[in-house]
Amino acid sequence: MISNEHVSKVYKMGEVDLRVIKDLNLQVSHGEFVAIVGPSGSGKSTVLNLLGCLDKPTEGKILIDETDVTQLDTTALANFRGENIGFIFQSFNLIPVLSVYENIEYPLIMIQNLPEQERHKRIMELLKDVDMLDQKDKFPDQLSGGQRQRVAIARALVTKPKIVFADEPTANLDTKTSNQIITLMRNIQQEFNTTFIFATHDEKIVRVVDRIITLVDGVVTDDKRIAS
Amino acid sequence: MKNIIKMSLRNLLRSGRRTALTASLITIGVVFVLVYAALSGSFKAYMVGQITDSMLGHVQIHKKGYVASIDSLPLDKNLNQKQIEKITEFLDDNPYIESYTFRLKLGAMFSNYIASTSVRLNGINPKKETQTLPLFASRIDGSDPSSLKEGSIIVPELLAKGMNIKKDDTIVLVATNQKGSVNGLNFKVAGTSETVSGPGGRDGYIHINDVKKLLRIKQVEVSEVVVRLKDVDQLYKAMQLLKPLTLLKNEKDKPLFEIHTWEKLSPFYNIVKMLDIMDISIKIILISIVLISILNVMVMSVYERIKEIGTIAAMGTTPSTISKLFLTEGLMLGIFGTILGAMLSYVIVFVINTIGITFSFGRQDNLTLNPVLNFNEVLVVSIIVIIISLIASISPARKASKLNPVDALRQN
Ligand SMILES: Nc1ncnc2c1ncn2[C@@H]1O[C@H](COP(=O)(O)OP(=O)(O)OP(=O)(O)O)[C@@H](O)[C@H]1O
Ligand SMILES: [Mg+2]
């Protein structure tokens, strides 16, 4: 459960204050599959960064399952993200020096510090889920965009996060690959009841989500649920 | 930690050429320092050995004030029997001392019946002198000084050349004693002594009994006590035991004796000190090389990987782990460079010893340098380089750990 009250974000541009998010009040429940849409520059990424605990709001409170994340310091926030949040990026952002297997293993070692056996089990399962088992020893630069994004999805999910944030996850992929990736995330959401929050322009995503939040100039202008 | 090392290693290998370049820069620096230290150490040991073993000894004891007026070789500043007994007592008790010898010095007129000049002479006990100064004989041309007989003289090289004096020539020495009476004796030239710099470096040698005859002295008298230690490195311990001697006072409550170490007597000590300063300078240069090259590489490394840092930070890697990743990277670069440098230094020193590089010093040619790589030196240099690598990585690592993930992720 994510909730926030009167959240705003101001960027200082020299002398001018740029109010990018204005009085945001949002509630997202467990297992929701949500898209934030809106024109370019409307503040979608900013909202995602705030809810994903990457950035702190200028005003307001953000609560994730009772934790007021605006009160946490940098290290506590990092630990909180490591335990509760997964990220999927537009340009995949795999670590180039690590193999597919090691990329997925990274958060389990460096962040969650899980024992070897448990790690192996989880990674192998996820590799199967994202259909990358036969590519597990390759390095990111040997993979196609769709394959990289599948690895990135596995990496985001391996820590069993409550919420996954994905900023334009399909923007660098072709239609067919995008559809595969979207289906993959939808299946995972249904299987593990993981919350997914997207920031996107992609119609293909908008078509499958349960809820569409429209943002214009940092203000929510529409928030509609779609019965599935 | 294992995984941090793995990641750092992979990152180092990713920019392999840059890593190799930096590591080899450090390697060259380390080799330079270690080989220089080995060579200068060898040269220094030789030089010090040469000067102390052929002329100065390790420690000299005089009556207070003698060294200050050593140019005039004053006869009134000689040690008498009682004083010598006192000194001997101390020397015999000192476990660091190998041997010692007495010299009775004087200035005299030297004549070959054609021309005459003044000469500085050491009256020596030939057996003791050669025992205390094992390289003394190597300074002497024409005869073995350990069997210098009464009535023979070893003439300083410069004087022999200037007056065209050869072995077995007869010359006359004329001296004035303390009471003002003049005496002359004939001597046969037994050989010449090489000039070396330092007090006594231009002196001739005769038997101590001849000095007494020349000066008409009946009792025991000594100008200078020369001491050889078993191990030069124990100089300060030996001096500590001799210290009570310098505290002894005469009737007028003035100190009786003065004791000098070879360092105080030899002008070579300054050269030795200069070699040491060079050594320190080279180390400082090495430190700068390591500092600048590692700093440079690490700054580049952070700059190139901003987006990657943003990614791992977003996933939940704590700032301290990010900082450790970069510190480890710099540290490993330093360790590689050092290990390689140390190994290469051992090889180079081994090669120098096998080829045998020769040099000349004084009368001796074809002296081979035998540099030794002191393990402690290797250890100290390695530790310095490794610590400096770590220090150089601190600021880039801090920068990486302080990056805001949102800003970092926006980079391309
Ligand atoms: N660090 C920053 N400093 C100043 N202004 C910023 C900063 N980050 C974002 N902005 C501004 O905030 C506004 C919202 O940006 P944001 O990236 O959230 O938009 P977006 O909806 O994600 O756009 P897009 O669809 O193009 O990704 C924009 O006007 C942008 O210029
Ligand atoms: Mg955006």
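Naming: A, B, ... by sequence-line order, numbering from 1 per chain.
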For this session: Give a yes or no on this: more than 12 heavy atoms of other residues, nucleotides or ligands lie within 6.0 Å of atom CZ of A:Arg119.
Result: yes
Exercise. With only heavy atoms counted, which part of B:Asp407 is less than 4.5 Å from chain A, the side chain, the backbone, both or neither?
Worked result: neither
Problem set entry | Side chain / backbone / both / neither for A:Phe80 at chain B, heavy atoms under 4.5 Å | neither
For this session: Mind running side chain to side chain contact (heavy atoms under 4.5 Å, CB included) on A:Thr74 and B:Lys402 for me, showing each step along the way?
Result: CA-CA 9 Å; A:Thr74 321; B:Lys402 289 226 144 105; over 6 Å; no
Exercise. Which atoms of A:Ile109 come close to chain B, meaning under 4.5 Å heavy atom to heavy atom: side chain ones, backbone ones, both, or neither?
Worked result: side chain
For this session: With a 4.5 Å cut-off on heavy-atom pairs, point out which of A:Arg155, A:Glu105, A:Glu83, A:Gln112 contacts chain B the most.
Result: A:Arg155
For this session: Report the C-alpha distance between B:Thr311 and A:Ile95 in whole Å, list the side-chain angles of each, state the deciding distance to 0.1 Å, and finish with yes or no for side chain to side chain contact (heavy atoms under 4.5 Å, CB included).
Result: CA-CA 8 Å; B:Thr311 307; A:Ile95 298 169; 5.6 Å; no
Exercise. Which residue out of A:Gly52, A:Gly82, A:Ala76, A:Ala78 racks up the most heavy-atom pairs below 4.5 Å with chain B?
Worked result: A:Ala78
Exercise. Is the count of non-hydrogen atoms from other residues, nucleotides or ligands lying under 6.0 Å from B:Phe350 atom CZ greater than 12?
Worked result: no
For this session: May I have the step-by-step check of side chain to side chain contact (heavy atoms under 4.5 Å, CB included) for A:Leu54 and B:Leu409, ending in yes or no?
Result: CA-CA 10 Å; A:Leu54 288 176; B:Leu409 281 168; 4.3 Å; yes
Problem set entry | Enclosure of B:Met300 CE (heavy-atom neighbours >12, cutoff 6.0 Å) | yes
Problem set entry | Side chain, backbone, both or neither of A:Phe165 within contact of chain B (heavy atoms, under 4.5 Å) | neither
For this session: Kindly check if the number of other-residue, nucleotide or ligand heavy atoms within 6.0 Å of CE (A:Met124) is above 12?
Result: yes
Seminar exercise, completed: Turns out that what part of A:Asn49 lies under 4.5 Å from chain B's heavy atoms comes down to side chain
Problem set entry | Residue, of B:Ala313, B:Gly310, B:Ser320, B:Ala314, that accumulates the most heavy atom pairs under 4.5 Å with chain A | B:Ala314
Seminar exercise, completed: When the 4.5 angstrom heavy-atom criterion is applied to A:Phe139 and chain B, the contacting part is side chain
For this session: Verify the neighbour count for atom OH of B:Tyr346: are there more than 12 heavy atoms of other residues, nucleotides or ligands below 6.0 Å?
Result: yes
For this session: State whether the number of non-hydrogen atoms from other residues, nucleotides or ligands found under 6.0 Å of B:Lys399 atom NZ is greater than 12.
Result: no
Problem set entry | Partner chain A: residue of B:Lys2, B:Glu308, B:Met7, B:Met315 with the largest heavy-atom pair count (under 4.5 Å) | B:Met315
Problem set entry | Any donor-acceptor pair under 3.5 Å from B:Arg10 side chain to A:Pro96 backbone | no
For this session: Please examine the side chains of A:Met110 and B:Ile312, heavy atoms only from C-beta on, and report whether any two atoms are closer than 4.5 Å.
Result: no
Problem set entry | Interface moiety of A:Leu94 toward chain B, non-hydrogen atoms closer than 4.5 Å | neither
For this session: Could you tell me which portion of B:Thr318 (side chain, backbone, both or neither) has an atom closer than 4.5 angstrom to a non-hydrogen atom of chain A?
Result: both
Exercise. Chain A heavy atoms under 4.5 Å from B:Leu325: which part of the residue, side chain, backbone, both or neither?
Worked result: side chain
For this session: Tell me, with the steps shown, if B:Lys307 and A:Ser91 meet side chain to side chain contact (heavy atoms under 4.5 Å, CB included).
Result: CA-CA 10 Å; B:Lys307 192 164 181 188; A:Ser91 46; 2.7 Å; yes
For this session: Take atom CG of A:Asp217 as the centre, draw a 6.0 Å sphere, and report whether it contains more than 12 heavy atoms from other residues, nucleotides or ligands.
Result: no
